[in-house]
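Reviewing the structure listed below.
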Number of protein chains: 2
Amino acid sequence: MNRQEILNKFKEKGLRVTPQRLTLFMKLAEMKGHIKAEDLYNALKEEIPSISISTVYRTLKEFESKGFIYSLPSSTDYGLTVFDTNLEPHHHFICLRCEKIYDVPEEYVEIKVKNIQGSIQYETVIMKGLCESCKNKKKKVS
Amino acid sequence: MNRQEILNKFKEKGLRVTPQRLTLFMKLAEMKGHIKAEDLYNALKEEIPSISISTVYRTLKEFESKGFIYSLPSSTDYGLTVFDTNLEPHHHFICLRCEKIYDVPEEYVEIKVKNIQGSIQYETVIMKGLCESCKNKKKKVS
DNA sequence: CTTCGTGCAAAGTTTTTGCATATGA
DNA sequence: TCATATGCAAAAACTTTGCACGAAG
C-alpha cells in the first residue's frame, strides 16, 4: 500500500493525517505479525524520537475502531494485548502448549453465517489446540 | 452440571479438588457471560471471604489451560481480559460502536477447516461490526 | 508424608488520563 | 481559526510473584 492509498484510507474514515499516524500505519504493515504496543513504540522511536507511548495506544485504538487492525489477547499473559497487523483477512490457531499464535490463511477456513441481525465488518476464527510439533512431543512429556 | 460431574472433570484433568476451585467453577457456570476477574473475585468473597485475588487468577489460568473456559480481550479496554464462561461452544459478535459482546449460537455459523496440521481442541468465530441497534442509530450520530 | 494450593503483600506490567502545547484542515 | 492530536508525567488498572502456611491425596 503506497502513501497515497493510505491517505485515502485515512480520509475515507475521517482521520486527520499526522506524521505519527502515517508512520505508525506503515510500521504496522512492515512488521506484519502479532505486535505488542511497546515493541511498536520502540520501533517508532527510531523514526520519530519524540513519539510517546500514549500516542501509540491512542492510535492503535483508533485504527482498531476503523477496522485497520485487530486486537487479540496474548496467549501467554493476561492483560497484555497483541495487535494483529496482518491486514489481509485470516484466522488464528493458538497452541495451548507452546502458546504460539499461528496465522491461518483465509482459504483454509470456510464460514457461513446466518441469522445475524447486525452488519458484520469482518470476522476471524480463533482455534485452540496443539500445534503439529507439540502434538508430536505430547507423549514424551508427562 | 452437578457436583459429582465437576469432581470427575477435575479428576480427569488431574486437578486437586479444593473448595476454592469448586466454588469458582460453580460461580462461573452461574454467572454465564463475559466476566472480569475482579467481578468474579467479588462474587466469590461472599462465599469464601478469605479467598484471594491471586487464587482467582491462578485458577482461571488453570481452567483455561484445561479448556474449561476461554479468555477474550475486552472490547473496551486493552489489557483487560474477559473470561467467557459459557461452557457451550458458541461464537462472538462484538459491536464496534457500543462495544458489547454478543454470544452467537453455534448453529448460526458453519465452519469447515482444512489443511491444519495440529489438533484442534475448540474453535470460536469472532465477528466485529455494528450490532442491530447501533446499525439503526448510525445515521443519527455524526 | 509430600506435594500442591492458598493468602498475603508487594512488585511488575500494561494501559489510560489530564493538561498544556502544537498542528492539521 | 478551532477542533483535534500529541507529549509528558503521573495515575490507574490489571496481573503476577515469593514466601510461609495449610490442605489434599
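Convention: sequence-line order gives letters A, B, ...; per-chain numbering from 1.
Within 4.0 Å of T18(B), counting heavy atoms only, lie sugar-phosphate atoms of the nucleic acid but no base atom.
The side chain of V17(B) lies closest to dG25(D) when the candidates are dG25(D), dT14(C), dG7(D). The S50(B) side chain lies nearest to dG7(C) when the options are dT6(D), dG7(C), dT16(C). Closest to the side chain of I48(B), from the set dT15(C), dG7(C), dG5(C), is dG7(C). Taking every side-chain heavy atom of R58(A) into account, dG7(D) is the closest of dT6(C), dG7(D), dT16(D).
Following rounding to the nearest Å, Y41(B) (OH) and dA13(D) (P) show an atom-to-atom distance of 16 Å. Atoms CD (Q20(A)) and P (dT23(C)) sit 9 Å apart, rounded to a whole Å. For the pair L60(A) CG and dT14(C) P, the computed distance is 14 Å after rounding to whole Å. Between F10(A) atom CZ and dT23(C) atom C1' there is a gap of 16 Å when expressed in whole angstrom units. Following rounding to the nearest Å, K36(A) (NZ) and dC14(D) (P) show an atom-to-atom distance of 20 Å. In this structure, F63(A) places its CZ atom 11 Å from P of dA5(D), rounding to the nearest Å. Between the NZ atom of K11(A) and the P atom of dG24(C) there is a distance of 15 Å, given to the nearest Å. As rounded to whole Å, 17 Å separates atom C1' of dC14(D) from atom CD1 of I35(B).
Within the model, atoms NZ of K27(A) and CD of E46(A) stand 6.0 Å from one another, a figure rounded to the nearest 0.5 Å. The OG1 atom of T18(B) sits 8.0 Å away from atom CD1 of I51(B), with the distance rounded to the nearest 0.5 Å.
Close to dT6(D), at under 4.0 Å from its OP1 or OP2, lies no side-chain N or O of S52(A). Listed pair K61(A) / dT16(C) meets the phosphate criterion, a side-chain N or O lying under 4.0 Å from OP1 or OP2.
For dT15(C), its base never sits under 3.5 Å from the side chain of T81(A) at any donor and acceptor pair. Contact annotation: side chain of S54(A) to base of dT17(C), donor-acceptor pair present below 3.5 Å.
Nearest-nucleotide assignment on DNA chain D puts the 5′-proximal partner with Y57(B), out of Y57(B) and R16(B). Across the interface with DNA chain C, nearest-nucleotide mapping of L15(B) and I53(B) shows L15(B) to be the residue nearer the 5′ end.
No side-chain donor from either of E12(A) and N8(A) sits under 3.5 Å from a side-chain acceptor of the other.
Judged by distance alone, with hydrogens and angles left aside, the side-chain atoms of E47(A) form no donor-acceptor pair with the main-chain N or O of T23(A) at under 3.5 Å. E64(B) contributes no side-chain N or O that, together with a main-chain N or O of K61(B), makes up a donor-acceptor pair within less than 3.5 Å.
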